[in-house]
Amino acid sequence: MIDSRMLELAGIVSQATTALTLGLLAWSDRRSRGMIWLAAACGLDLMGSSLRPLWLLPGDRASYAAGDCLLVLQFFFVYMGLRWFVLRRRKIALAGPLAVSLAMVLVLAVNPFSTGLALAVARMAAIAIMGRTVMMLVQTRFRALRQAAWGSAGLMSGLMVLMALRVPLDVIGVGRYVELAHVLRAGTLVGMTLLALSFIALFVAETQRRLHDETRKDPLTGLRNRRAMEEIATQELQVARRTGSPLMLLMMDIDHFKKLNDTWGHALGDRALRAIGGVLLTVTGADERVTRMGGEEFAVLLPGCDIEGACRFAERLRATVEGLRLTEKGEVASCTVSIGIGEWEQGDEGWADMLRRADEALYRAKREGRNRVVVGAVETDEELATRRGVVVAREGGLRLRA
């Protein structure tokens, strides 16, 4: 036979330990705002258990009502915390908070007539919130978090089943089903503990994901760095080999960047780099394929794009940068870029061949006067050799060259 008081005491100890652990994690990493919600949810769970009296002892209706309301609020906090991890959306529709508020009002309205029915209403509201949370978890858009998110979804689904089984007992009373109630309570405690551990696993996965991204991001412009480009280019090359679709690489260099720094200072040079990075993101609309390779050199990967499309894109990019104006000490500064285009060819062993073609085209653009777009020559395939230097984009548009 299960001792109800010992079960309640074990539950309170487990909840206190969980709340403390999650609280310390939230305090150690303030950037993980979702962990603050989850720690607060565990704190509400502890408060709710403390407000409800021990089994078989007479209880105060106000304490019961407060505990039931905290149960609803607790799982809403869990939803908000997990929402931060898997969706990263700050705004939330009013429907959620309104539904939680209505559920708590209903609990308070029913409680004077039947504490058991009020608890049943609170559990059903919590089940509804948990169901919405499970749907959100299984649709997470972050690949690095999927395993942990799906684990949390599985545990929460099990908790929903246990909580649903407890609803009839809340309505009809425990009576001769005391042992069943204790078993369900014990299962709920174990499930909540495992769910809290899944929150920790989600926190660890998020930390690893953030470190992975930070090591692949340029701190000045916020663009991907060369290491990230190598990984993305390798993936796109595999797709191109499998599907036969074209793949282009743009290498872009700011013209006379050292002179810009020497004339206007490094602060303006940094602003120019950030501004051009913003132009790249705006024109491409895809930050994962835009890279700052180092210094004043940028790269853009264009999967599924042919030479003509790449030239139009590059010319648009060149003209947009040429139109940028930066102010410094009341004076206006501007800059231009040279762009080289490299095409992936069947038979290339890796992205280095495409990079070499783009680099050669970029150097040729600089030798021919800068502020222009040049397509790299194809040298390895006899059938494509006639396209050597096929397109050159000058300062006013494109022209053919034999």
Suppose we screen for side chain to side chain contact (heavy atoms under 4.5 Å, CB included). Which residues come up paired with [X], at least two apart in sequence or across chains?
{"X": "Ala103", "answer": "Val72, Ala125"}
{"X": "Arg325", "answer": "Val332, Ser334"}
{"X": "Leu106", "answer": "Val110, Val121"}
{"X": "Val161", "answer": "Leu165"}

Write out all pairs satisfying side-chain hydrogen bond (donor to acceptor under 3.5 Å, both in side chains) with one or both partners inside [range], taking only residues at least two apart or from two chains.
{"range": "residues 96-107", "result": "none"}
{"range": "residues 111-120", "result": "none"}
{"range": "residues 263-272", "result": "Arg271-Glu328"}

Requested in this report: Compare every heavy atom of Leu362 with every heavy atom of Met251, then report the nearest pair and how far apart it is.
Outcome: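 That would be O-CD1, 3.8 Å.
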**Report entry** Closest approach of Ile254 to Val337 (non-hydrogen atoms, all atoms of both residues)
**Finding:**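 Taking Ile254 first and Val337 second, the nearest heavy atoms are CA-CG1, 4.1 Å.
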Lys/Arg N to Asp/Glu carboxylate O, [X] vs [Y], below 4.0 Å:
{"X": "Asp353", "Y": "Arg357", "answer": "no"}
{"X": "Arg364", "Y": "Glu360", "answer": "no"}
{"X": "Glu214", "Y": "Lys217", "answer": "no"}
{"X": "Asp218", "Y": "Arg224", "answer": "no"}

What pairs of donor and acceptor atoms, side-chain ones from residues 237-244 against any protein atom, are under 3.5 angstrom apart with sequence neighbours left out?
residue : atom : partner : partner atom : Å
Arg241  : NH2  : Asp348  : O            : 3.0
Arg241  : NH2  : Glu349  : O            : 3.1
Thr243  : OG1  : Val239  : O            : 2.8
Thr243  : OG1  : Ser245  : N            : 3.4
Thr243  : OG1  : Ser245  : OG           : 3.0

Query - With sequence neighbours excluded, residues passing ring pair (Phe, Tyr, Trp, His ring centres under 6.0 Å) with Phe298 - result: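 Listed in chain order: nothing, the list is empty.
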Requested in this report: Tell me, please, which residues at least two apart from Trp351 pass ring pair (Phe, Tyr, Trp, His ring centres under 6.0 Å).
Outcome: none
Requested in this report: Please identify each residue that fulfils side chain to side chain donor-acceptor pair (under 3.5 Å) with Asp253, with sequence neighbours left out.
Outcome: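 For Asp253, the residues satisfying side chain to side chain donor-acceptor pair (under 3.5 Å) (neighbours in sequence not counted) are Lys366.
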Would you give me the side-chain donor-acceptor pairs under 3.5 Å for residues 227-234, sequence neighbours excluded?
residue : atom : partner : partner atom : Å
Glu231  : OE1  : Arg216  : NE           : 3.0
Glu231  : OE2  : Arg216  : NE           : 2.9
Glu231  : OE2  : Arg216  : NH2          : 2.9
Thr234  : OG1  : Glu230  : O            : 2.7

